[in-house]
Chemist: 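Sharing a structure with you now.
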Amino acid sequence: MSSLPWDFVVLGVPVSVQAKSTSRTRWKAAVSAAARAAWPTGGEPLRGRLQIHVTCYHDSAPPLDVDNMLKPIQDALIGIVYVDDGQLVDCHGHLRDVNAQYGVRGMTPAQAHGFVSDGPFVHVRIEPAPELGRLP
């Protein structure tokens with residue numbers, strides 16, 4: 001099992017849940033491949049309640065609505081990172097311009113890889129879900 005929080009990046013521009021089937025399939029395959037490469041070798045998918053943060057660092061104009069970017073990414077992680085996307089009790093999506101200036105504390109190696117890639121990328125972070133009875 002991987003320790004949480006855990007993160008990885010996918011280089012490129014995400015595809016909407018409303019995109020053509022072939023585009024969605026290619027994007028989900030890219031997300032799955034990036035997750036497998038970052039997931040610990042032999043690591044089993046997580047069980048239990050989780051939350052996901054997805055940040056698309058785009059180049060100038062946001063490529064899609066933030067909510068439309070989440071579902072293909074969530075689906076691509078099934079069986080790799082978690083058993084089922086129903087475990088995701090909190091989902092957070094963010095769109096940020098990759099050309100903006102950011103002050104970052106505690107940058108992860110995955111985030112650094114995205115920023116030095118010199119193009120758009122998606123950062124995905126999985127964390128334990130907050131305690132029951134506690135609002136985000």
Side-chain angles (χ1 to χ4, degrees):
M1 177 186 279
S2 180
S3 63
L4 296 179
W6 174 81
D7 68 336
F8 72 103
V9 298
V10 187
L11 301 181
V13 177
V15 172
S16 171
V17 69
Q18 299 171 341
K20 291 182 181 180
S21 177
T22 53
S23 297
R24 271 195 333 269
T25 300
R26 270 195 310 271
W27 173 246
K28 286 168 62 173
V31 172
S32 294
R36 276 191 188 93
W39 194 247
T41 303
E44 294 291 320
L46 298 169
R47 298 182 181 278
R49 299 168 56 257
L50 302 167
Q51 67 179 318
I52 188 171
H53 294 263
V54 178
T55 305
C56 169
Y57 290 92
H58 58 84
D59 195 5
S60 61
L64 65 161
D65 291 342
V66 70
D67 58 328
N68 289 336
M69 126 180 114
L70 294 174
K71 188 62 176 157
I73 294 169
Q74 292 170 351
D75 289 347
L77 302 180
I78 295 171
I80 302 167
V81 178
Y82 39 75
V83 176
D84 185 82
D85 61 345
Q87 296 169 244
L88 299 172
V89 297
D90 285 321
C91 303
H92 308 272
H94 315 276
L95 297 173
R96 302 291 186 264
D97 189 330
V98 75
N99 300 304
Q101 293 183 2
Y102 297 98
V104 181
R105 290 186 181 168
M107 181 180 290
T108 68
Q111 287 172 307
H113 173 66
F115 281 113
V116 301
S117 71
D118 199 32
F121 69 96
V122 176
H123 177 242
V124 179
R125 186 175 75 238
I126 304 292
E127 298 178 349
E131 296 175 25
L132 289 174
R134 186 168 172 193
L135 296 175

Chemist: Taking Gln87 for the side chain and Gly48 for the main chain, is one N or O donor matched with an acceptor at less than 3.5 Å?
Modeler: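 Yes; at least one donor-acceptor contact below 3.5 Å.
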Chemist: Going by heavy atoms in the side chains, are His92 and Thr55 under 4.5 Å from each other?
Modeler: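 SC-SC contact between His92 and Thr55 ruled out.
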Chemist: Testing the basics here: between His113 and Val9, what is the closest heavy-atom pair and its distance to 0.1 Å?
Modeler: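 In this case the closest contact between His113 and Val9 is CD2-CG2, 3.3 Å.
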Chemist: Is Asn99 atom CG crowded by more than 12 heavy atoms from other residues, nucleotides or ligands, each under 6.0 Å away?
Modeler: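 Yes.
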Chemist: Does the Ser32 side chain pair with the main chain of Ala29, one donor and one acceptor, at a distance under 3.5 Å?
Modeler: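 No, the answer is negative, given that no donor and acceptor are paired below the 3.5 Å cut-off.
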Chemist: Would you say that Pro72 contacts Val17 through its side chain, given a criterion of any heavy-atom pair below 4.5 Å between the two side chains?
Modeler: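 A side-chain contact exists here, since the closest heavy-atom pair is under 4.5 Å.
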Chemist: In terms of relative ring orientation, are Phe115 and Phe121 parallel, tilted or perpendicular, with 30° and 60° separating the classes?
Modeler: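 Perpendicular, since the angle between the ring planes exceeds 60°.
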Chemist: Write down the atom of Ala76, the atom of Lys28, and the distance for their closest heavy-atom approach.
Modeler: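 Minimum heavy-atom contact is CB-O, 3.5 Å.
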Chemist: Does some side-chain heavy atom of Val124 sit less than 4.5 Å from a side-chain heavy atom of Ile52?
Modeler: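 Yes - at least one pair of side-chain heavy atoms lies under 4.5 Å apart.
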Chemist: Asp7 and His123: side-chain donor and acceptor closer than 3.5 Å?
Modeler: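 Checked: Asp7/His123 side chains pair up, N/O donor to acceptor below 3.5 Å.
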Chemist: Does the pair Asp85/Lys71 count as a salt bridge with the N-to-O cut at 4.0 Å?
Modeler: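 Here Asp85 pairs with Lys71 in a salt bridge, since their nearest N and O are under 4.0 Å apart.
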Chemist: Do Trp6 and Trp39 come close enough that some side-chain heavy atom pair is under 4.5 Å?
Modeler: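 Side-chain contact under 4.5 Å: yes.
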Chemist: Determine whether a donor-acceptor pair (N or O, by modelled atom type, separation under 3.5 Å) exists between the side chain of Gln51 and the backbone of Glu127.
Modeler: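 Looks like no, no N/O pair under 3.5 Å.
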